[in-house]
Amino acid sequence: MLLYTLGVRLAINRCDFLIPVLVQSSFSVRVVHSACIMDTEQFINSIYEEQAIWNNDNLVDNLINTKSGNSTSVNSLDNTINTEISEIQQKNTTLVNDSSSNSTTVNSLDNTINTEISEIQQNNTTLVNDSSCIKHFHFKGKHLIRCEPCYAEQDIVKRYSNNKSKVPAIAQEYGTKYLLKVLNDHLSTTYHIEAIKVHKYKTLNTSEKMAITPMGKAVNQANDKLARKIGCLMIHVYNDAKKLTLSAYSFPSRVIVSQKANLFQLNGEVSNNIDDSELQYLTPHTHKDLLECIVETHQSSFVEDILNNSLALSLRCDGSVDRTQIDKMYVLMKSITLEGEEKLYFLGAEEPVERGAKGMCDALKTACVKRLGNENFNNILKKTSSLVTDGASSNVGQKSGLWTLLTNLKKTACGTEVMSPLITLWCAAHRSNLAWESVSESVPEVSLLFQKLVGLTTFFRRSGLRTRELKNIALEYNLKLLQLPKVFEVRWSQFSYTLLNNVLVSWSCLVNYFKNSSDKVHVGHFKFLTHEYNIRLMAVLADVLYIFSRYQQQLQSDDLNVISMDEKTMYIINKIEMLKSTPLIGGWVEALDKQVVINKDGSLTLNSITIKSIEIPRHKSHHKFVTQNRCLAAVKQEIVCSLQEFLKQRFSIDKNLLSIIKPFVVLSSVACIKDIHNLIGADIDLKEFSLEYDELISMENISELRKMNLIKLVKTLCGSKYFPNVCTMLARVAAAKPHSADVERLISASNLLKSPLRSTMNIETENLSLYINYNMPPLYELKDYHKLDVKHVSWCKVAKSCVPNFDDLDEKTKKVKIAYLQKKWKSLRDSYRRKCVTKSGQARTNEKPYAYSKMLDFLRPTMTNEYYDNYETESNVKDIDNEDSIQTDNEDDNSVNSDEEYGMVVGKDISDEDIFDDKEQIKRKQDCKRRKKRKNQRSGTTI
């Protein structure tokens, strides 16, 4: 098999990262071209020698002369050698001609001649010297010479010599006696020159041979075509891994559809016949092979990026069972780079073999070693400063939990080196979720309420007919209806809020569905929904969970750190405390108080529906085994207090950590340097760290640094060479994100990849796709022109360059300024389109050129004639009057420099008074200009 190194230059935007994949990946392919199969080096050489040597002499001559490093011809070499050797022989004429001289003298002469000849050849580096053309040796006291190329290529010598049956003596094994005339005659023969060509040609590598022969060129063309084809397939496979939803089994159909789409012509016929050779790699097995090629090529730079471009690393992992009941351990790595940027890397997923923390630790190590290698895994483990998991006992166990096992692994990897401490964190999102689950279980009224609500949602989700009837009622009475969610106990707080909110929004529609039915189930749901106690309890829980759900979303943010986690937790505890006395503004409790109407007879109605108000009787004595029905205020008090207490319990475990880190992160002078050093930086020199911190907090602009968030502070310090140790310590705190929400997102991506239709996908293929999805860039990034927030940021940048002290203005004034700049820009753009972009079928006019045409020419590609032929909007009509206000008195002056022109376009030189006059002044100026224009038109002059 011919191992062909794929080298394809991709002509697709943002695909440059795939070039090293194709260049470095050795993809074994069988090249079938016309009527031959390349198999061995011997076959190639046998073809090349016939075609290159006998048909392409000029090409070989040029290549040989180029590689020899000297363009001196053979004849000029001969003349040089002959001249200098003759001088040597004249000095030693007696010794050369005297055959009676003793052998010692002859040997001495031979050594002298050989030495001086070698010096001559070193000074005249030529093809002969490079090929070791002439070999001098002694045999039975005689000085003999032999031409090595002619001796090696005797078939060539016979072909070009006069005597076809006998090889000259200089080309035989024992050579011939050294005579200058014999040497000169031999070097000038045709067979010697041709033998040198063949000999030199055999030293060329395969790529050089293929570059100069017809067969080589044909093979190169075939291989280039194959490389382009495989490169296109790699792009398809890469896109599949980025999307995650595209199957390898549908890979052939997607490629064929893409090929047919490229061949489509509006008025032409597309052939339905596809060459079978085009389908040879369209298999699911090839899909996986191409994934492996892409990942293996990117892997080296991936590992290098983690090791050499990171200040701090944080390991985060979590386990999950997929749809095929396979338990897997997912591993991610959070990195703070040398520039202070945050990066997230996917390291792998692996199935635990053993139970408990030991199996989880082995699975984590196996997943990392497969992707990184054992040595690189140990190096990364040395730099890892924090570990984030959920609060399962298999993770947090002090004796044999995952935290302890990984700490021991890190000690082993460090060996005799000083180990940096491993900060272990319990995911804040898991903690908060457990707090709400505890509230649901400990308060019996809440538990009973959710049992009934789950029964209600199950009643409709199990029947499509009931759901359709419910939708018909909503359409008939014009009522709001939200889909009742599916029961999902893993994220209980999220499900609880969604369920309560949707039931309260759809309350009128649900009641109208049940009220006219005599079915026992319908009657039971109707009584539950029309009971005032249940409605008000649902409203209280909805308000509490709305605040709590916002808190959970903030805990899962990428901007969260250990310090902000504590601040947000204290805020939510105080916010919930306020609900005891004051309802949430705009919440369900407040809305219910406004909508419930008390009739004259004492009955209650809500949205024209009568609801039952039953007072809860109190027993005279407390029952030991049966819980009494409590009033709503008591239940509300217990819900709030229980939630506060459970949050405090679960977040108090970080109290010692926060008391040490918080003063350091806020750059306080009371921070304990020794405690911080022992907690997160034992491997850093304490003396240097202490001096750097003291210098930092004594700076004049320390107040500005204290206002920055943690990531921005790290970025700022990364740009300075004076605080490397402080920057590293802060980066370690920033890398320790106190949540594993990113691992949960990874698990969701894995479930999306391994769908029920792809349940047989093995874990290796899953790892390859997730690696590309997480660690490699996208094929193409769409512009964010449609995003209003991105537009607003861009216009703020423009306003900063045009408006003095823009940042100091209030928000309302900023909006006015930006709106006026947008109006000016729109007028400039439309004026350019009308005057400089010719419509299809319209002849060019002889009007004078537009003043800003050169500066606005970048707009021309976006203003195609096809798009603007029938372009007519109200804004065009409104901005016609503003067109004259844009023209300047010196628009015919071509000597204006580019800086001034640019300033006039973007408003750089427009005064503050001209830009920010109020609307009435602007309108008066425009009316004045219009009156002047009409007056000049009536008088026959123009402005």
Side-chain angles (χ1 to χ4, degrees), residues 440 443-463 465-485 487 496-546 583-584 587-618 627-636 639:
S440 301
V443 182
E445 288 83 359
V446 175
S447 178
L448 181 62
L449 178 72
F450 276 106
Q451 288 179 10
K452 294 180 179 180
L453 288 175
V454 169
L456 177 65
T457 186
T458 305
F459 174 79
F460 285 102
R461 292 192 66 87
R462 287 183 176 179
S463 173
L465 179 62
R466 296 169 187 162
T467 304
R468 181 166 56 84
E469 291 173 349
L470 187 64
K471 291 180 180 179
N472 292 336
I473 291 176
L475 293 174
E476 181 180 355
Y477 294 99
N478 194 21
L479 301 174
K480 291 182 179 180
L481 176 64
L482 295 180
Q483 184 178 6
L484 299 179
V487 180
S496 300
Y497 171 71
T498 305
L499 177 60
L500 285 169
N501 182 71
N502 291 9
V503 169
L504 288 172
V505 170
S506 310
W507 182 83
S508 298
C509 186
L510 292 170
V511 171
N512 278 281
Y513 178 84
F514 291 119
K515 69 178 181 180
N516 296 324
S517 176
S518 59
D519 187 88
K520 291 184 178 180
V521 177
H522 291 205
V523 172
H525 287 310
F526 180 78
K527 289 182 178 180
F528 166 74
L529 290 173
T530 55
H531 200 293
E532 181 190 10
Y533 182 85
N534 294 332
I535 297 173
R536 292 192 178 277
L537 180 58
M538 284 192 290
V540 169
L541 289 173
D543 286 350
V544 173
L545 281 173
Y546 178 74
L584 180 66
W588 281 106
V589 174
E590 188 180 72
L592 194 62
D593 291 338
K594 293 179 180 180
Q595 294 178 11
V596 173
V597 179
I598 303 177
N599 301 321
K600 293 181 180 181
D601 57 355
S603 61
L604 303 176
T605 58
L606 176 63
N607 295 340
S608 303
I609 299 174
T610 303
I611 59 176
K612 295 182 180 179
S613 176
I614 302 176
E615 295 183 0
I616 302 173
R618 300 285 295 179
T627 303
Q628 295 189 73
N629 293 329
R630 296 181 293 175
C631 65
L632 185 63
V635 176
K636 179 179 178 180
I639 291 171

Original post:
With a 4.5 Å limit on heavy-atom distance, are the side chains of Thr467 and Lys471 in contact?
Top reply: yes
Original post:
How about Arg630 and Pro444: do any of their side-chain heavy atoms sit closer than 4.5 Å?
Top reply: yes
**OP:** Keeping the roles fixed (side chain from Asn472, backbone from Arg468), state whether a donor-acceptor pair exists under 3.5 Å.
**Re:** yes
Original post:
Hey, what do you get for CZ (Phe450) to CG (Leu499), rounding to the nearest 0.5 Å?
Top reply: 6.5 Å
Enumerate, atom names and distances included, each donor-acceptor pair closer than 3.5 Å involving a side-chain atom of residues 593-602, sequence neighbours excluded.
unit_1: Asp593; atom_1: OD1; unit_2: Arg536; atom_2: NH1; d: 2.9
unit_1: Asn599; atom_1: ND2; unit_2: Ser603; atom_2: O; d: 3.4
unit_1: Asn599; atom_1: ND2; unit_2: Ser603; atom_2: OG; d: 2.8
unit_1: Asp601; atom_1: OD1; unit_2: Ser603; atom_2: N; d: 3.2
unit_1: Asp601; atom_1: OD1; unit_2: Ser603; atom_2: OG; d: 2.8
unit_1: Asp601; atom_1: OD2; unit_2: Ser603; atom_2: OG; d: 3.4

Original post:
Between atom NE2 of His525 and atom NZ of Lys452, what is the distance when rounded to the nearest 0.5 Å?
Top reply: 11.0 Å
Subject >> Distance-minimising heavy-atom pair for Trp588 and Ala542 >> reply: CD1-CB, 3.5 Å
Original post:
Can you tell me how far the CG atom of Leu529 sits from the CD1 atom of Ile535, to the nearest 0.5 Å?
Top reply: 7.5 Å
Subject >> Side chain to side chain, Leu453 and Met538, heavy atoms closer than 4.5 Å >> reply: yes
Original post:
Where the side chain of Asn512 meets the backbone of Ile473, is there a donor-acceptor pair that is under 3.5 Å apart?
Top reply: no
Original post:
In Å and rounded to the nearest 0.5 Å, what is the CG to CH2 distance from Leu481 to Trp507?
Top reply: 14.5 Å
Original post:
Do Val503 and Thr457 come close enough that some side-chain heavy atom pair is under 4.5 Å?
Top reply: no
Subject >> Heavy-atom check, side chain of Leu504 versus side chain of Leu592, under 4.5 Å >> reply: no
Original post:
Between Asp519 (side chain) and Val521 (backbone), is there a donor-acceptor pair under 3.5 Å?
Top reply: yes
Subject >> All ring pair (Phe, Tyr, Trp, His ring centres under 6.0 Å) counterparts of Phe460, not counting sequence neighbours >> reply: Tyr513, Phe514
Subject >> Flag if over 12 foreign heavy atoms under 6.0 Å of NZ, Lys515 >> reply: yes
**OP:** Only counting residues at least two apart or in another chain, list the ones meeting side chain to side chain contact (heavy atoms under 4.5 Å, CB included) with Leu482.
**Re:** Asn501, Asn502, Val505, Ser506
**OP:** Report yes if the side chains of Phe528 and Leu449 come closer than 4.5 Å at any heavy-atom pair, otherwise no.
**Re:** yes
**OP:** Kindly compute the distance separating OG (Ser440) from CG (Leu541), expressed to the nearest 0.5 Å.
**Re:** 8.0 Å
Subject >> Gap separating the CG atom of Leu470 from the CD atom of Gln483, nearest 0.5 angstrom >> reply: 11.0 Å
**OP:** Could you tell me whether the side chain of Leu456 reaches within less than 4.5 Å of the side chain of Leu510, counting heavy atoms only?
**Re:** yes
Original post:
Tell me, do Leu537 and Leu632 make a side-chain contact under 4.5 Å, heavy atoms counted?
Top reply: yes
